[in-house]
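Single-structure report; data block below.
Labels below follow one simple rule: chain letters A, B, ... track the order of the sequence lines, proteins then strands, and each chain is numbered from 1.
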Amino acid sequence: MKPWLSLFASIVTLTTSVVLRADTDAEVRARKDALELAGAFANDGFNIRDGHWCGVLRPHDHTLIALNLYAGNQYWFSVGTVEPIKKAAITVFDETGKQVTTETYSNEEKAAAGFAPESSGQYFVAIDLLEGEEGSFCLVYSYK
Amino acid sequence: MIRLVALAMLALIPVVSTAKAEEARRLSADQMTKAVGTDSISVPTPGELFAALAKTEKINWSAQYRGPMPTTYSNRAQIALNLGGLIADGFIAVEAKDGQQVKNIGSDIMKLGKALGVSEQLLSRGNSINEFAEHNEWDTLQAELEATENEVKSSMQSHADQELVILVTLGGWIRGTQVVTGAIVKNYNESAAKVLRQPALVHFMQAKLNEISPELRQEPLVKSMSGQLNGIEKLVSFPGGKAPSVEEVRKVNEAVDKLMTEIESKEPPK
């Protein structure tokens, strides 16, 4: 098993994933950062999804993304951002809107949250801008 | 608890903590309704479903293979649905760690892709799949299969075939669910059965089907899929935390079996 190959395959597909619109240069850079962070989890056996969500974070606002997860799996959600965003955070909610307990990682422009759902179904991942000004971000996730 | 050992490799000074329940926020119904949902990230891959199942019981993945299937369909909607199903088959072959089967399925994916006019973009993917299969790079193959699926969908969008994208997704989900429900019925346990609870996912695919053009929606196969998904959404709407019984799993299996038979059939559904 060579996890770095998995990361490499994810990075080389940066331009091929299905998106509703073309990612901006800033979003591509943010995705590269997110994939680098996710690569650390690949070393621990996590598979990185090729799908991603890129967008713009604004002060005092958040982006909320709906995902469908399986009980039994473990997940890490990784977000990369670019200047002028200085710090972002990830929060996970269950289908009732209740926040779930996660392991969190934060390194200024990158952040991650990990958890293992006990129930299969829909979850929501919120990305908040904690410090800085409006800027681009990208979310990827990994599972095992 | 998820291990954080890998983070040490970042050679950075991370802040690692646990988000405590007492600091918890709560989303409103309005916020949840407005959440972003996209095919590329909101829909799990068959590989995710199989990974969850594999944690609960030992699966004989090679016993889940299908016999050879036609790759000469003329209806584009049917080709898209079968393409999704084949990609799910690819994930099964990866779970079985069967390089030859991965290569065979990769070849069939190329044939169906060619029928949809996306073969040029897929050619390099096919070569990569073969190479990774030769070298037993199973994790990489998982990523490559998903990248192949996304390449097909991306090509569909650029060829004004974006309406077919949801059919590829749907075909993959149906085939994945057929395999998983079949395995659970054969060797029932509650933990395994819990993976089947996905009402929001089925609702999402149904909503996407409702957005496609009336012409495509009226095609017999698409119409049949759409009609039966309503029933399947109810079948996978178990209460959170409760495992469905073996009989409930069997009903889901029968429902997706019927869909899969229609997808594979050369005859239009009645």
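B:Phe204 CZ to A:Leu67 CG: the interatomic distance, rounded to the nearest 0.5 Å, is 10.5 Å. Atoms CD and NE2, from B:Gln31 and A:His62 in turn, are 4.5 Å apart once rounded to the nearest 0.5 Å. Here A:Tyr70 contributes atom OH and B:Leu53 contributes atom CG; the two are 10.5 Å apart, rounded to the nearest 0.5 Å. Considering CE of B:Met32 and CG of A:Asp94, their distance stands at 8.0 Å, rounded to 0.5 Å. Between A:Asn73 atom CG and B:Phe50 atom CZ the span is 12.0 Å, to the nearest 0.5 Å. Here the CD1-OG1 distance, from A:Ile65 to B:Thr38, works out to 8.0 Å after rounding to the nearest 0.5 Å.
Counting heavy atoms of neighbouring residues, nucleotides and ligands inside a 6.0 Å radius, atom NZ of A:Lys98 does not exceed 12 of them. Counted within 6.0 Å of CD on B:Glu57, heavy atoms from surrounding residues, nucleotides or ligands total more than 12; the atom is thus considered enclosed. Within 6.0 Å of CD in A:Glu83 there are more than 12 heavy atoms belonging to other residues, nucleotides or ligands.
Of the possible donor and acceptor atoms, none in the side chain of A:Gln99 sits under 3.5 Å from a partner among the backbone N and O of B:Arg26. Between the B:Ser42 side chain and the A:Ala66 main chain, a donor and an acceptor come within less than 3.5 Å of each other.
Among the candidates B:Pro199, B:Gly47, B:Ala192, B:Ala29, the residue making the largest number of heavy-atom pairs closer than 4.5 Å to chain A is B:Gly47. Per-residue heavy-atom pair counts under 4.5 Å with chain A were compared for B:Lys194, B:Met156, B:Lys34, B:Glu146, and the maximum is reached by B:Glu146. If you tally non-hydrogen atom pairs under 4.5 Å between each of A:Ala113, A:Gly72, A:Gly121 and chain B, the highest count goes to A:Gly121.
Between A:Ser120 and B:Gln198 there is a side-chain heavy-atom pair separated by less than 4.5 Å. When side chains are defined from C-beta on, A:Leu139 counts as touching B:Ile41, because their heavy atoms get closer than 4.5 Å. In this structure, B:Leu27 and A:Leu64 have side chains that are in contact, with non-hydrogen atoms separated by less than 4.5 Å. Contact check for A:His52 versus B:Ser40: no side-chain heavy atoms found under the 4.5 Å cut-off.
Salt bridge annotation for A:Asp128-B:Arg25: present, with a cationic side-chain nitrogen under 4.0 angstrom from a carboxylate oxygen. Under 4.0 Å is where a charged nitrogen must lie from a carboxylate oxygen, and between A:Arg49 and B:Glu48 at least one such pair does.
Neither the backbone nor the side chain of B:Thr56 comes within contact range of chain A; no heavy atoms are under 4.5 Å apart. Neither the backbone nor the side chain of A:Tyr123 comes within less than 4.5 Å of any heavy atom in chain B. Only the side chain of B:Gln142 comes within contact range of chain A, with at least one heavy atom under 4.5 Å from a heavy atom of that chain. Looking at B:Val43, only its backbone comes within 4.5 Å of chain A, counting heavy atoms on both sides. With a 4.5 Å cut-off on non-hydrogen atoms, A:Thr91 touches chain B through its side chain but not through its backbone.
Under the side chain to side chain contact (heavy atoms under 4.5 Å, CB included) criterion, B:Ser128 pairs with B:Phe132, B:Glu144, not counting sequence neighbours.
The shortest non-hydrogen separation linking B:Ala51 to A:Tyr143 is CB-CE1, 4.0 Å. B:Ala52 and A:Ala71 get closest at one heavy-atom pair: CB-O, 3.7 Å.
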